[in-house]
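As structure tokens, the structure follows; a few thoughts come after it.
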Amino acid sequence: MSNVKLLKFPVHGDDRGSLIPLDKTNLPLKMKRVFYMYNAQPDVRRGMHAHKSCNQLLICVTGSCRVLLDDGQKKETVLLDSPDKGLYVPYYLWREMFDFSDGAVLMAVADTMYDENDYIRDYQDFLNYYQDMRVKDDE
Ligand code: TYD
């Protein structure tokens, strides 16, 4: 799907364990905010929105979960099951996070501050909002 990137971060590991640094040399966006989801209840779906401007990098730092991405025409599901995997999700994709393993922690790195007005939480509104972009893609 266009502009989605599945990144693999280098792991600094030794006999004490592993460490992954994220900074401007390997982040695919300019970080303004980090948040993380945990204690996800079984069978719960989170996300269920697109954004008007906020790009995000999703990393399941503990456990695993799946992310459904939808551009209004195609859908794709990505499994995040390792702290060295990062999924770059551009603002205009509808996303749903589900299948959280017990104890999973899903971290999001965002390039904007939190703003509820940046969210499109209704699927039909999402289809309408990005209709022009899809028409251009088809041409
Ligand atoms: P919400 O957007 O409902 O989570 P999801 O991505 O699963 O749809 O966020 C849950 C609550 O947390 C909601 O009241 C808004 C608040 N929130 C913040 O205050 N700051 C943030 O950066 C985020 C992502 C959420």
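In each ligand, atom 1 is the first atom listed, and ligand 1 is the first ligand listed. If you read the sequence from its start, that first residue is 1, and numbering goes on from there.
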Legend entry - Residue Tyr119 vicinity, atoms of ligand 1 by number, heavy atom under 4.0 Å: 2 (O), 24 (C)
Legend entry - Distance-only N or O hit between ligand 1 and Gly47, under 3.5 Å: yes
Legend entry - Any non-hydrogen protein atom less than 4.0 Å away from atom 2 (O) of ligand 1: yes
Inset, instruction - Please check if a non-hydrogen protein atom sits closer than 4.0 Å to atom 11 (C) of ligand 1. - result: no
Legend entry - Arg121 and Glu116 ion-paired at < 4.0 Å: yes
Inset, instruction - May I ask you to identify the nearest protein heavy atom to atom 20 (N) of ligand 1, giving residue, atom name and distance to one decimal place in Å? - result: Tyr114 CG, 3.4 Å
Legend entry - Winner among Arg33, Met113, Arg45 once heavy atoms are compared against atom 24 (C) of ligand 1: Arg33
Legend entry - ligand 1 contact on His49 by region, counting heavy-atom pairs under 4.0 Å: side chain
Inset, instruction - On the 0 to 90° scale, with breaks at 30° and 60°, tag the Phe126-Tyr123 ring pair as parallel, tilted or perpendicular. - result: tilted
Legend entry - Test side-chain contact (heavy atoms from CB on, under 4.5 Å) applied to Leu87 and Leu57, Val4, Ile59, the passing residue: Val4
Inset, instruction - Give me the ring orientation class for Tyr36 and Tyr38: parallel if the planes are under 30° apart, tilted from 30 to 60°, perpendicular past 60°. - result: tilted
Inset, instruction - Tell me, please, whether Phe98 has Arg66 positioned over its six-membered ring: NZ or CZ under 6.0 Å from the ring centre and within 45 degrees of its axis? - result: no
Inset, instruction - Starting from atom 7 (O) of ligand 1, locate the nearest protein heavy atom and write down its residue, its atom name and how far away it is, to 0.1 Å. - result: Arg46 NE, 2.7 Å
Inset, instruction - Using non-hydrogen atoms of the residue, decide whether Met97 is closer than 4.0 angstrom to ligand 1. - result: no
